[in-house]
Amino acid sequence: KPASAEVIKKMCKVIAHRGPDDEQFYFINEFGLGFRRLSIIDLETGSQPISNEDGSLKLICNGEIYNYRELTKELKTKGHHFKTRSDAEVLLHAYEEWGIEFLQKLNGMFAFALFDEKTKKLLLVRDRLGIKPLFYALTDDGIVFCSEIKGIIQDENFIREIDQQSIFDYFSYGYVPGPRTAFKGISQVLPGQYLQIDNGKFSLNTYWDLNINEDISHSEEYFKDKIVEHLKKSINRCLIADVPVSLFLSSGIDSSTLLALIREQIDGQPFRTYSIGYNEGSYDEVPAARRTAKLFQTEHEELYCTPEHLTDIF
């Protein structure tokens, strides 16, 4: 059945808040893509959907590929030609060069769809820890997917029905364990998974899982140094952007450590931090976060949440 431009445009409209900067579409017979963009890297030529050299591959990607510069450099030596400076384009050329094994080379937070016009193969991929969301529904007409459930239910052919087990799980655990969702028929691509449709055949595959290797051959100091080394590398990659980067700052060790290491890398440059607080003093983290922000001389802003905010959101 031909992809419905009307449905895909409705889907983009309800997730416009995810991408306020641009909107683009791609349609070919039975397949369609819609994309809302939040511009972070390559503000001028980084629009999506994006294609490879001969136009046979189409891609939309939500997120960031942190090691795209290293991968781009390697792929250029292998003869690939890039037409943008965006991090997303590297996914197309990496897939051309290495096939599905390219997923092992990625460092980032992402959910992306890659469509091959020649073979009619579709890949839906979610990052290793599931930082970026990716939902899908299999229907009589095919597959519909989106970064939010509210996009999928724009398709009037999808029957909205509550998954009672998921609601029970939500009130038991505080969240719905994947791959289920609150809706029957709508599933999540799990962290470290990719979904593939090839010649009409559907498969879910795991490309990464946590591997615990107990290494007791090194000292505690060795591991301390390694943790700091990896944190510094990670922060360096996360600071790559064509727009200002900022930090959510709580009173905890994690965000305070990130700020300390960020300051080490951008010493003397302006940097913004944001904290959210509550009028209930027992769990208000703003005073401690404020002291940390003052210590590291950030441009600090605070927002206090009230019950009125909750009713406004609903």
Side-chain angles (χ1 to χ4, degrees), residues 8 11-12 15-28 31-53 55-72 74-75 80 82-117 121-136 143-148 151-152 188-197 205 207-208 237-238 240-243:
I8 292 176
M11 293 173 73
C12 279
I15 63 163
H17 57 282
R18 297 188 74 88
D21 298 327
D22 191 21
E23 180 181 66
Q24 298 290 336
F25 301 94
Y26 161 79
F27 296 99
I28 177 173
F31 186 75
L33 289 172
F35 188 75
R36 294 289 320 195
R37 186 179 186 212
L38 174 66
S39 303
I40 297 173
I41 294 174
D42 191 5
L43 306 186
E44 294 179 1
T45 63
S47 291
Q48 298 184 39
I50 192 170
S51 59
N52 60 338
E53 293 100 324
S56 62
L57 298 178
K58 294 291 188 292
L59 173 99
I60 53 174
C61 175
N62 171 31
E64 292 184 67
I65 311 302
Y66 294 134
N67 63 332
Y68 80 100
R69 287 178 170 175
E70 300 97 303
L71 291 174
T72 297
E74 182 179 357
L75 287 161
H80 292 267
F82 287 72
K83 57 189 175 185
T84 74
R85 294 185 299 105
S86 77
D87 54 332
E89 187 180 359
V90 79
L91 299 172
L92 293 164
H93 302 289
Y95 176 71
E96 285 180 307
E97 185 66 32
W98 297 301
I100 198 64
E101 291 303 311
F102 86 107
L103 297 177
Q104 305 302 328
K105 295 178 176 286
L106 302 181
N107 182 324
M109 54 167 188
F110 50 79
F112 64 82
L114 193 156
F115 179 66
D116 188 333
E117 277 188 15
K121 180 188 289 187
L122 171 68
L123 292 176
L124 299 180
V125 184
R126 193 174 179 196
D127 64 63
R128 296 178 182 191
L129 296 181
I131 296 169
K132 290 298 181 182
L134 182 53
F135 300 95
Y136 69 94
I143 185 169
V144 57
F145 57 91
C146 193
S147 291
E148 291 195 26
I152 292 175
Q188 305 176 48
V189 176
L190 290 177
Q193 272 191 347
Y194 69 92
L195 180 158
Q196 179 173 285
I197 294 182
N205 308 274
Y207 70 90
W208 183 85
R237 284 170 165 165
C238 291
I240 298 171
D242 294 327
V243 292

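Keep in mind that this is a model prediction, so the values were computed, not measured. All residue numbers refer to positions in the sequence shown, counting from 1.
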Those residues that, when tested against I143, pass side chain to side chain contact (heavy atoms under 4.5 Å, CB included) (two or more places apart): L122, L124, Y136, L138, L195, I197
Contacts of type side chain to side chain contact (heavy atoms under 4.5 Å, CB included), residue K121, not counting sequence neighbours: Y95, D116, T119, Q196, D198
Pairs involving residues 17-28, ordered by first then second residue, that meet salt bridge (Lys or Arg N to Asp or Glu O under 4.0 Å) (sequence neighbours left out): R18-E148, E23-R36
Closest heavy-atom pair and its distance - G130, P191: N-CB, 3.4 Å
Side chain to side chain donor-acceptor pair (under 3.5 Å) partners of S51, counting only residues at least two apart: K83
For I60 against G34, the heavy-atom pair lying closest together: CD1-O, 3.8 Å
Validation row: D127, W208 side chains within 4.5 angstrom (heavy atoms): no
Distance in Å, E89 CD paired with T84 OG1, rounded so as to fall on 0.5 Å steps: 3.5 Å
Side chain to side chain contact (heavy atoms under 4.5 Å, CB included) between E74 and E97, worked out: CA-CA 11 Å; E74 182 179 357; E97 185 66 32; over 6 Å; no
Gap between atom CG of L134 and atom CD of Q193 - 0.5 Å precision: 10.0 Å
Closest non-hydrogen atom pair, L123 against Y194: CD2-CD1, 3.9 Å
F102 side, atom CZ; H93 side, atom NE2 - distance, nearest 0.5 Å: 12.0 Å
For E117, all residues meeting salt bridge (Lys or Arg N to Asp or Glu O under 4.0 Å), sequence neighbours excluded: K58
Evaluation steps, side chain to side chain contact (heavy atoms under 4.5 Å, CB included), between Y68 and L75: CA-CA 10 Å; Y68 80 100; L75 287 161; over 6 Å; no
Contacts of N107 that satisfy side chain to side chain donor-acceptor pair (under 3.5 Å) - sequence neighbours left out: none
Results of side chain to side chain donor-acceptor pair (under 3.5 Å) for E101 - residues two or more places apart only: none
Atom pair CG (D87) and CG (L71), whose distance is rounded to the nearest 0.5 Å: 10.5 Å
Straight-line distance of F35 CZ to M11 CE, nearest 0.5 Å: 13.5 Å
From CD1 (I50) to CG (L33), nearest 0.5 Å: 12.5 Å
Results of ring-ring contact (aromatic ring centres under 6.0 Å, His included) for F31 - residues two or more places apart only: F115
Results of side chain to side chain contact (heavy atoms under 4.5 Å, CB included) for Q188 - residues two or more places apart only: R126, F135, T181
Heavy-atom closest contact (G108 atom, Y66 atom, distance): CA-CD1, 3.5 Å
Heavy-atom donor-acceptor pair, N52 side chain to L57 backbone, under 3.5 Å: yes
Heavy-atom closest contact (R37 atom, S47 atom, distance): NH1-N, 3.9 Å
R237: partners by side chain to side chain donor-acceptor pair (under 3.5 Å), with sequence neighbours left out: E70
Taking every non-hydrogen atom, the tightest pair across G32 and F27: CA-CD2, 3.8 Å
Residue list, ring-ring contact (aromatic ring centres under 6.0 Å, His included) with F145, at least two apart or on another chain: none
Residues in side chain to side chain contact (heavy atoms under 4.5 Å, CB included) contact with C61, at least two apart in sequence or another chain: Q48, L59, A88, L91, F110, F112
